[in-house]
Amino acid sequence: MTDDWYDTTAETIAAAGAPTQITNSRTWAISWLAAARATRQVPAGVDRGDFQDAALASAVHHALVTLAPDRTEQLDAALHQTLGGIPDGSAEDRGVAAGERQAELVLESREGDGLDPASVNAPFPVPEPAPGVWQPTPPTYAPAAQYGNRLARPFLLESAGQFRLGRRPRWTPSATGQTWPRCVGTVRWTARSARCTRRRPPISGSAPR
């Protein structure tokens, strides 16, 4: 189910996406954030799998139809196919309703966030030439792009716990009998060499490697 709607999202954006990549990333984020929220809480008394399948499909469908209306026919067909594989009943009905509701909430919360193409590519007033000052580059002399990103509203996690990784799972032994080594401290696992290597400290002011 998840794979089907992942592919549908990718196809939708490929066929009717925005000219700015960050806007397409916004479409992914809205659609799948709505799906995650819609499937988070399953009502009592309904089949969990059926509810979640219907909720995910409904959330992604509703968001994509809103953001890429030119693909409504294809998206409606995809939703019809998904729901056709779910038994009729309360789980399906409540899942569809939950998906639509969460999609509407996310869409509403992201309205006017400055990630539309016009806002992203806001005009950039080119300053007078000087050392270190950007100028249109020959031979095309194309204007600056994505100048408006600095004013856009980012997506934020609800809590740090959403991005907190648990303990690293033990690597499943392969046919060669390899196991996950105990890399601790300032070392890291190098898959290619199948060993732990010491991690060099980052240069001041640069991102850690």
Side-chain angles (χ1 to χ4, degrees), residues 1-18 20-117 152-174 180:
M1 179 63 62
T2 301
D3 290 346
D4 291 342
W5 281 94
Y6 177 94
D7 292 341
T8 297
T9 306
E11 292 166 2
T12 299
I13 291 176
T20 46
Q21 181 57 46
I22 195 169
T23 308
N24 294 329
S25 296
R26 174 185 187 267
T27 299
W28 276 101
I30 288 175
S31 303
W32 287 85
L33 179 58
R37 291 177 177 176
T39 57
R40 185 178 299 168
Q41 293 184 341
V42 180
V46 301
D47 182 87
R48 182 181 186 85
D50 290 345
F51 173 87
Q52 290 183 325
D53 284 349
L56 185 148
S58 174
V60 177
H61 168 271
H62 191 83
L64 291 179
V65 165
T66 302
L67 298 171
D70 290 346
R71 297 288 292 178
T72 297
E73 182 178 351
Q74 292 84 354
L75 291 166
D76 285 351
L79 180 63
H80 179 77
Q81 180 176 355
T82 296
L83 297 182
I86 301 174
D88 293 338
S90 180
E92 181 187 54
D93 294 342
R94 298 177 73 173
V96 169
E100 292 180 350
R101 180 171 62 255
Q102 291 301 329
E104 280 295 328
L105 289 172
V106 179
L107 285 164
E108 182 180 352
S109 72
R110 299 304 305 181
E111 188 173 354
D113 61 6
L115 292 173
D116 59 284
R153 177 158 47 90
F155 284 80
L156 300 177
L157 297 174
E158 292 179 352
S159 67
Q162 286 185 276
F163 200 64
R164 184 178 297 120
L165 300 178
R167 293 176 60 86
R168 181 168 56 187
R170 187 177 299 277
W171 188 25
T172 303
S174 65
W180 192 288

Verdict with supporting geometry, L56 and W32, side chain to side chain contact (heavy atoms under 4.5 Å, CB included)
CA-CA 8 Å; L56 185 148; W32 287 85; 4.0 Å; yes
Audit row: D4, T82, side chain to side chain contact (heavy atoms under 4.5 Å, CB included) steps and yes/no:
CA-CA 9 Å; D4 291 342; T82 296; 5.6 Å; no
T12 vs L75, side chain to side chain contact (heavy atoms under 4.5 Å, CB included): CA-CA, chis, key distance, verdict:
CA-CA 8 Å; T12 299; L75 291 166; 3.5 Å; yes
Evaluate the criterion side chain to side chain contact (heavy atoms under 4.5 Å, CB included) for residue pair R71 and L64; output intermediate values, then yes/no.
CA-CA 8 Å; R71 297 288 292 178; L64 291 179; over 6 Å; no
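Interatomic distance, I30 CD1 to D113 CG, rounded to the nearest 0.5 Å: 6.5 Å. The CD atom of E11 sits 9.5 Å away from atom CD of Q74, with the distance rounded to the nearest 0.5 Å. R48 contributes atom CZ, which lies 8.5 Å from atom OG1 of T39 (distance to the nearest 0.5 angstrom). Note that the OG1 atom of T66 and the CD atom of E100 stand 10.0 Å from one another [nearest 0.5 Å]. Rounding to the nearest 0.5 angstrom, the gap separating the CZ atom in R37 from the CZ atom in R101 is 12.5 Å. Rounding to the nearest 0.5 Å places CG of L83 at 11.0 Å from CG of D50.
Pairing each heavy atom of A98 with each of A38, the nearest pair is O-CB, 3.8 Å. Residue R94 comes nearest to P43 through the heavy atom pair NH2-CB, 3.3 Å, listed as atom of the first residue, atom of the second, then distance. The minimum heavy-atom distance between N24 and A18, with the atom names listed, is OD1-N, 2.7 Å. Closest non-hydrogen pair, G114 versus A152, comes out as O-CB, 3.6 Å.
A perpendicular orientation is assigned to the rings of H61 and W5, their planes being inclined by more than 60° (bins at 30° and 60°).
Here the side chains of R110 and R153 are in contact, with some heavy-atom distance below 4.5 Å. Residues D47 and I86 have side chains not in contact (no heavy-atom distance under 4.5 Å, counting atoms from C-beta outward).
In this structure, R26 forms no cation-pi arrangement with F155, as its terminal cationic atom is not both closer than 6.0 Å to the ring centre and no more than 45° off the ring axis.
The backbone N or O of A55 sits nowhere less than 3.5 Å from a side-chain atom of S58 that would complete a donor-acceptor pair.
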